[in-house]
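These notes concern the structure reproduced below.
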Amino acid sequence: MPELPEVEAYRSVAEAVVGRRVRSVSAPDPWYVKGASPADAAAALAGRTVTAARRHGKLLVLDTDGPHRLGLRFGMTGTLVVDGEPALERLRYGPARLDPGWVRFELDFARRGRLAVHDPRRLGGVSLDPDESVLGPDAATVSVADLGAALAGSAAPLKARLLDQARLAGVGNLVADEVLWRAGLAPGRPAGSLAPDEIRGLRRVLVATVAELCRRGGSDAGDLFVHRRPGGRCPRDGTGLARATVGGRTTWWCPSHQR
DNA sequence: CCGGATGTTCACCT
DNA sequence: GAGGTGAACATCCG
């Protein structure tokens with residue numbers, strides 16, 4: 001999915017519906033609505049006005065003037081479509097087209113327009129009043145102290161820790177590889193083994209990389225991305241990239257400069 | 001035809 | 001308890 005940069009792009013586009021009043025809610029796929037029935041979700045949102053479009057990690061939250069808010073998760077293939085326009089065109093594993101059968105959830109607004117989630121693989125989902133307290137600090141703005149706390153005392157691979165949304169919210173597989181490559185840190189390093197200056201460096205690279213990927217418009221816009229394939233070489237020093245599963249995800253890194 | 005792919009969750013191991 | 005693995009979700013692409 002969309003990792004943090006994509007969801008931030010979705011959030012930006014979703015700002016267009018702030019101030020609009022929900023006329024009706026369509027949830028053709030009940031399975032996609034988590035923790036509440038489609039009827040309950042519809043009742044909670046109908047007639048309410050969207051007051052903010054926020055992002056926490058990979059979670060997009062629409063606040064309302066009522067007692068409820070809406071959380072949207074996009075899985076790997078979810079695309080946000082506002083007023084018929086996809087929020088991001090180049091979603092790599094997203095829908096190749098906007099098949100109406102892939103609309104899993106939709107808000108229709110009173111005066112005009114609509115906000116829909118298209119998700120072919122149904123890996124995402126929407127929820128009423130999502131519990132944001134289970135998410136760690138947002139990767140775009142995490143402090144050195146919070147990042148240090150997320151890594152401290154763990155024998156788990158550094159990358160696995162970065163991907164743990166409860167400890168740090170927003171980093172996905174591509175962003176993790178890009179950040180570790182830029183920071184010169186091996187993904188398999190025990191998370192708790194980083195020295196204070198390494199944590200400071202990682203934090204600086206993380207925040208800068210996330211901001212840059214947001215500007216470039218996607219987590220696939222990193223400098224490492226095009227090289228993470230068989231035969232790929234490190235764009236910094238030409239070393240053949242290593243590939244392994246770390247934290248349950250395919251991981252590419254430079255065995256020469258990432259230590 | 002087969003294997004993987006920007007994610008999350010859960011059951012089941014070690 | 002902490003981590004790891006594999007499955008599941010459903011589709012596309014090489």
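A note on names: the letters A, B, ... follow the listed sequences, proteins ahead of strands, and every chain is numbered from 1.
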Can you tell which of [options] lies closest to the side chain of [X]?
X        : options               : value
A:Met76  : C:dG4, C:dG3, B:dT6   : B:dT6
A:Trp102 : C:dA10, C:dG3, C:dT11 : C:dT11
A:Arg121 : B:dT8, B:dA5, C:dG3   : B:dA5

What integer number of Å spans the [atom1] atoms of [N] and [M]?
N     : M     : atom1 : answer
C:dG3 : B:dT6 : C1'   : 23 Å
B:dT8 : C:dG1 : P     : 24 Å
C:dT5 : B:dG4 : P     : 15 Å

For A:Lys58 and A:Val7, work out which heavy atoms get closest and say how close.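 Nearest pair, atom of A:Lys58 first, then A:Val7: O-CG2, 3.6 Å.
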Protein-nucleotide distance ([X], atom [atom1]; [N], atom [atom2]), rounded to Å:
X        : N      : atom1 : atom2 : answer
A:His56  : B:dG7  : NE2   : P     : 16 Å
A:Lys34  : B:dT9  : NZ    : C1'   : 10 Å
A:Leu163 : B:dT9  : CG    : C1'   : 15 Å
A:Arg229 : B:dA5  : CZ    : P     : 15 Å
A:Leu123 : C:dA10 : CG    : P     : 9 Å

Under 4.0 angstrom, heavy atoms only, what part of the nucleic acid is A:Pro157 near: base, sugar-phosphate, or nothing?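 The residue A:Pro157 makes sugar-phosphate contact but no base contact.
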Under 4.0 Å between any heavy atoms, over every strand shown, what does A:Arg161 touch: base, sugar-phosphate, or nothing? Just pick one. sugar-phosphate
Tell me which residues in residues 247-254 of chain A put a heavy atom below 4.0 Å from DNA chain B, sorted by number, or none. A:Arg249, A:Thr250
DNA chain B contacts among residues 169-177 of chain A, heavy-atom distance under 4.0 Å: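 Within residues 169-177 of chain A, the residues near DNA chain B are A:Gly172, A:Asn173, A:Leu174.
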Runs of at least three consecutive Watson-Crick or G-U pairs, both distances under 3.5 Å, are what I'm after; which ones involve DNA chain B? B:2-5 with C:11-14, B:7-14 with C:2-9
Derivation and outcome, salt bridge (charged side-chain N to carboxylate O under 4.0 Å, His left out), residues A:Arg122 and A:Asp29: CA-CA 9 Å; A:Arg122 299 166 85 217; A:Asp29 182 0; 2.7 Å; yes
Please say whether the positively charged group of A:Arg23, taken as NZ for Lys or CZ for Arg, lies over the ring of A:Phe109, i.e. under 6.0 angstrom from the six-membered ring centre and within 45 degrees of the axis. no
Hey, is A:Arg228 close enough to A:Asp220 for a salt bridge, meaning N to O under 4.0 Å?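 Between A:Asp220 and A:Arg228 there is no salt bridge, as every charged N stays at least 4.0 Å from the carboxylate O atoms.
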Heavy atoms from other residues, nucleotides or ligands near CZ of A:Arg21 exceed 12 (cutoff 6.0 Å): no
Flag, side chain of A:Arg48 to backbone of A:Asp63, donor-acceptor distance under 3.5 Å: no
For the residue pair A:Pro2 and A:Tyr10, establish whether any side-chain heavy-atom pair is separated by less than 4.5 Å. yes
